[in-house]
Every structure is written in structure tokens, then in C-alpha cells.
> 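There's a structure below that I have some questions on.
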Amino acid sequence: MSDELDYSNIETPELIQQIHDDLYDGLVAEVTAAVNELLSRKLTPYDVLTRALVGGMDIVGVDFRDGILFVPEVLMAAKAMKAGMVILRPLLAETGAPQIGTMVIGTVKGDIHDIGKNLVAMMMEGAGFKVVNLGINNDADKFINAIKEHQPDIIGMSALLTTTMPYMDVIIKTLKEQGLRDKLIVLVGGAPLNAAFAEEIEADAYCRDAAVAVETAKKLIAIRRGNM
Ligand code: B1M
């Protein structure tokens, strides 16, 4: 139980290392307690997110790729990561920034990876955007319906698989067919993507990570509104 875990005697660099290990082992209570301990030491929520949680998930990713970890273990790691994100979400959203615009974001059809997409959603909320998070496995109709309902300034699409990233092209083509493309800023992201792919499918920008997504969204909104 997290109440029984006392990390107060561990130095910060070792505690970050401990989170990497606990995330790897899918230990929800331990990750929760260690995240709270780091926050109590006045590390920013963003630092805890990037150095402890994202850093830990990077290690999981390498061992998954190399066949050292398998899907059940990675799912447990993802659960531990999400437990940490639950603590950080309100803190990242608590900046009091004025609302800048609305974003509809989702992982595309065939893809169930949602950790990175949820991070982007959290960081966008923290930067003052209203975010409508469609979740995973979204086909073009789901994006179109959400656009009609929420009238966003931006849509964000996420894909983590080389087999699902081409579906972003289908969504952009559908937006064009429905006369919606030019009204929107289209941002794409996910580990297998790059700027050349974004250009090829005529997205407005590729975002390497959540911080870049926020920066890019703010910049492109300012340009659209003639403030730059
Ligand atoms: Co999956 N998986 N996975 N997986 N998984 C990868 C992506 C993989 C690279 C692992 C590997 O081999 N090294 C590999 C893909 C290979 C490829 O296509 N090139 C892979 C595979 C093969 C699979 C399965 C096919 C495995 C199987 O079943 N045999 C299967 C596919 C299921 C499906 O989607 N249909 C599968 C399943 C799973 C789990 C369910 C076990 C789990 C997902 C749990 C969940 O998300 N709820 C999982 C995980 C956790 C991973 C890894 C290990 C970690 C992904 C992650 O969460 N990273 C991943 C390896 C890796 O990426 N290193 C892997 C942390 C996250 C913070 O980073 O998602 O990159 P990331 O997001 C970043 C940026 O990319 C960017 O900002 C984020 C924050 O900084 N970003 C955006 C992301 N989306 C954005 C959207 C934007 C902007 C920026 O919009 C504007």
C-alpha cells in the first residue's frame, strides 16, 4: 500500500531511478508514492512527467522492442504510468492560463496506444486549450462528428504503429472532401512519424512530443488569428 512506502530518505536522482524500475515492474502503489514524494520536493509536475515517467517508459519501450518484455508486462507498466499521470493531470492543467482555443485529439483507427496522446491532451489543457479527447481507435467519421459538434481550432491525431499512421492520410482526405480541412489546424504525432510524413499527408505540422505540440499549437493559432 502506498501509505506504507516511505521514499523520504532516497535522494532525488535515485528516486527517479526507482520510478523507472517500479514502472518497469508495473508497481502502481510504488509509482504513485514516489511521484507524490518528488512533487513534495518541489520538482515541477512537468519535470516529474518527463524525467521520471516518460524516462521510465522509454526503457520499457526498448526492452519491448528487443523481446525482453511482452504485452502483459508492458500493459502493467502502462497502468503504473497512468497512475502517475492521474496525479500530474490536475497540476499540469492548473496554470490558470486563459482559454486559447479548442483541440479535438484522438488515436487513429486500428491503434490502441494512448499514453502519449493523453500526455499531449494534458499538456494542452495546461496551456489553456479546451481539449476534447476522443480516446483510441478513431475512424474518420468519429473525427468528423466531433469536429461538427465541438467546432475546434485544431485536430490532433496520434499513431504509434507504422501500420496505422497511413490512416491519418485517410482522415485528412475525408476532411478535404467535407470542406472542413481549411478551417482547421491539423497536428500529427507519434513515435514512427516524422516531419516528411506530415508534409506528405498535408498536415500542418508534426509534433515530436507534447511540449512541441503545445508550442506548435500556440504558434499556428497566433498566425491564423493574425497575431504574428
Ligand atoms: Co505497443 N508498440 N504494441 N503497446 N508499444 C510500440 C509502439 C512499438 C514501437 C514497440 C517496439 O516494438 N519497440 C511497436 C510498434 C512498431 C512499429 O509499428 N514501428 C509496438 C507494437 C508492435 C505493438 C503491438 C502490435 C504488439 C503486439 O500485439 N504484438 C500492439 C498493437 C496494438 C494496437 O495498437 N492495435 C501493441 C500494444 C501495446 C500495449 C497495449 C501493450 C501498450 C499500450 C498501452 C497504452 O497505450 N494504453 C504498448 C506500449 C506501452 C508500447 C510502447 C512500449 C510505449 C508507448 C508509449 O506509451 N510511450 C511502444 C514503444 C515506444 O514507443 N518506445 C510500443 C510513451 C509515450 C509518452 O510516448 O507514445 O511516443 P509516445 O508519445 C509521445 C510522442 O510520440 C508525441 O508526444 C508524446 C508525449 O511526448 N505524440 C504526439 C504522440 N501522439 C501525439 C499526438 C500529437 C502530438 C504529439 O497530436 C498533435
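Counting convention: from 1, in listed order, for ligands and their atoms alike.
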> State whether the shortest distance between N or O atoms of Val54 and N or O atoms of ligand 1 falls below 3.5 angstrom.
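In this structure, Val54 places no N or O atom under 3.5 Å from an N or O of ligand 1.
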> Would you say Asn133 and Lys117 are linked by a side-chain donor-acceptor pair, where the criterion is simply a distance under 3.5 Å?
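Judged by distance alone, the side chains do pair up.
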> Do protein heavy atoms approach atom 24 (C) of ligand 1 to less than 4.0 Å?
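Given the 4.0 Å cut-off, atom 24 (C) of ligand 1 does not count as touching protein heavy atoms.
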> Apart from Ile144 itself, what residues make up its hydrophobic cluster, given side-chain heavy atom links below 4.5 Å?
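Cluster partners of Ile144: Val104, Val108, Val132, Leu134, Phe143, Ile147, Ile155, Met157, Met165, Tyr167, Met168, Val170, Ile171, Ile172, Leu175, Leu180, Leu184, Val186, Val188, Leu193, Phe197, Ile201, Tyr206.
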> Within less than 4.0 angstrom of ligand 1, does Gly110 place any heavy atom?
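True for this residue.
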> If you group Ile, Leu, Val, Met, Phe, Trp and Tyr by side-chain heavy-atom gaps below 4.5 Å, do Leu161 and Met57 land in one group?
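Looking at the clustering, Met57 is in a separate group from Leu161.
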> Just jot down the salt bridge (Lys or Arg N to Asp or Glu O under 4.0 Å) partners of Arg41, sequence neighbours excluded, or say none.
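Partners of Arg41 by the salt bridge (Lys or Arg N to Asp or Glu O under 4.0 Å) criterion, ordered by chain and then number, come out as Glu37.
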> What's the separation between atom CG in Leu119 and atom CZ in Arg89, rounded to the nearest 0.5 Å?
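Rounded to the nearest 0.5 Å, the CG-CZ separation comes to 11.5 Å.
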> Please list the nearest protein heavy atom to atom 80 (O) of ligand 1 with its residue and the distance rounded to 0.1 Å.
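Protein heavy atom with the smallest distance to atom 80 (O) of ligand 1: Ala210 N, 3.2 Å.
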> Please indicate whether any nitrogen or oxygen in Cys207 is less than 3.5 Å from any nitrogen or oxygen in ligand 1.
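N/O-N/O distance under 3.5 Å: no.
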> Is the closest heavy atom of Met123 to ligand 1 under 4.0 Å?
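Met123 does not count as a contact of ligand 1 under the 4.0 Å cut-off.
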> Is any heavy atom of the protein nearer than 4.0 Å to atom 8 (C) of ligand 1?
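No; the ligand atom in question lacks any protein heavy-atom contact below 4.0 Å.
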> Are any of the protein's heavy atoms under 4.0 angstrom from atom 65 (C) of ligand 1, yes or no?
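True for atom 65 (C) of ligand 1.
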> Closer than 2.8 Å to atom 1 (Co) of ligand 1: how many protein N, O or S atoms are there?
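With waters ignored, the protein N/O/S count below 2.8 Å is 1.
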> Would you please say whether a donor-acceptor pair under 3.5 Å links the side chains of Glu149 and Asn145?
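Not at all, the side chains of Glu149 and Asn145 share no donor-acceptor pair under 3.5 Å.
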> For residues Ile100 and Val212: do they belong to one hydrophobic cluster (side chain heavy atoms under 4.5 Å, members Ile, Leu, Val, Met, Phe, Trp, Tyr)?
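The answer is no; the residues belong to distinct hydrophobic clusters.
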> With heavy atoms under 4.0 Å as the rule, classify the contact between Ile115 and ligand 1 as side chain, backbone, both or neither.
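Within the 4.0 Å criterion, Ile115 contacts ligand 1 through backbone and side-chain atoms alike.
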> Can Ile87 be reached from Leu92 by stepping across I, L, V, M, F, W or Y side chains whose heavy atoms are under 4.5 Å apart?
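Both belong to a single hydrophobic cluster.
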> Looking at atom 59 (C) of ligand 1, would you say a protein heavy atom lies below 4.0 Å from it?
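Flag for atom 59 (C) of ligand 1 set to false, no protein heavy atom closer than 4.0 Å.
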> Which of the atoms in ligand 1, numbered in the order shown and given with their element, are less than 4.0 Å from a heavy-atom of Ala191?
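It comes down to these atoms of ligand 1: 70 (O), 75 (O).
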> Between Arg65, Lys109, Glu73, Met124, which one has a non-hydrogen atom sitting closest to atom 12 (O) of ligand 1?
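The nearest heavy atom belongs to Arg65.
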> Would you mind checking which non-hydrogen protein atom is closest to atom 18 (O) of ligand 1, with the distance to 0.1 Å?
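It is Thr162 N, 2.9 Å.
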> Please report the shortest heavy-atom distance between Leu91 and Pro45, naming the atom on each side.
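Scanning both residues, the minimum pair turns out to be CB-CG, 3.7 Å.
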> Give the cluster check for Leu5 versus Leu43: same hydrophobic cluster or not, with ILVMFWY residues linked at side-chain heavy-atom distances below 4.5 Å.
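Yes, Leu5 and Leu43 fall within the same hydrophobic cluster.
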> Could you identify the single nearest non-hydrogen protein atom to atom 47 (N) of ligand 1 and state the distance to 0.1 Å?
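For atom 47 (N) of ligand 1, the nearest protein heavy atom is Asp114 OD1, 2.7 Å.
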> Checking a contact table here: which protein heavy atom is nearest atom 44 (C) of ligand 1, and how many Å away?
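Going by distance alone, atom 44 (C) of ligand 1 is nearest to Ala78 CB, 3.9 Å.
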> Please write out which residues are connected to Ile112 in a hydrophobic cluster, directly or through intermediates, given that two of Ile, Leu, Val, Met, Phe, Trp, Tyr count as joined at side-chain heavy-atom separations below 4.5 angstrom.
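Cluster partners of Ile112: Ile136.
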> Are Tyr46 and Val35 linked, directly or through other ILVMFWY residues, by side chains that come within less than 4.5 angstrom of each other?
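Yes, Tyr46 connects to Val35 through the hydrophobic network.
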> Taking only heavy atoms of Met157, which atoms of ligand 1 are found under 4.0 Å from at least one of them?
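With Met157 as reference, the close atoms of ligand 1 come out as 86 (C), 87 (C), 90 (O).
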> In sequence, state the C-alpha distance, the side-chain angles, and the governing distance for Glu202 and Arg181, and then conclude on salt bridge (charged side-chain N to carboxylate O under 4.0 Å, His left out).
CA-CA 10 Å; Glu202 297 180 20; Arg181 171 66 186 93; over 6 Å; no
> Can you list the ligand 1 atoms lying under 4.0 Å from a non-hydrogen atom of Asp111?
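In order of numbering, the contacting atoms are 34 (O).
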> Please state which option from Ala121, Gly61, Ala213, Ala217 has its nearest heavy atom closest to atom 63 (N) of ligand 1.
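The residue whose heavy atom sits nearest atom 63 (N) of ligand 1 is Gly61.
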> Above 12 or not: heavy atoms from other molecules or residues under 6.0 Å from CG of Asp66?
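Above 12, so yes.
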> Would you find a donor on one side and an acceptor on the other, under 3.5 Å apart, between the side chain of His150 and the backbone of Met103?
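Flag not set: sc His150 to bb Met103 has no pair under 3.5 Å.
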> Does an N or O from Ser158, backbone or side chain, lie closer than 3.5 Å to an N or O of ligand 1?
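Yes.
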> Under 4.0 Å from any heavy atom of Lys82, which atoms of ligand 1 are there?
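Those of ligand 1 that fall under 4.0 Å from Lys82 are 47 (N).
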> Considering only heavy atoms, does Leu119 approach ligand 1 within less than 4.0 Å through its side chain, its backbone, both, or neither?
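The part of Leu119 near ligand 1 is the side chain, not the backbone.
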> Is it the case that more than 12 heavy atoms not belonging to Met76 sit under 6.0 Å from its CE atom?
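Check fails, neighbour count at 12 or below.
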> Taking only heavy atoms of Asp209 into account, list the atoms of ligand 1 that are under 4.0 Å away from them.
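The atoms of ligand 1 under 4.0 Å from a heavy atom of Asp209 are 76 (C), 77 (O), 80 (O).
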> Determine whether any protein heavy atom is located less than 4.0 Å from atom 29 (N) of ligand 1.
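It does not; no protein heavy atom is within 4.0 Å.
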> Any side-chain heavy atom of Asp21 sitting closer than 4.5 Å to one from Glu30?
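No - every pair of side-chain heavy atoms lies 4.5 Å or more apart.
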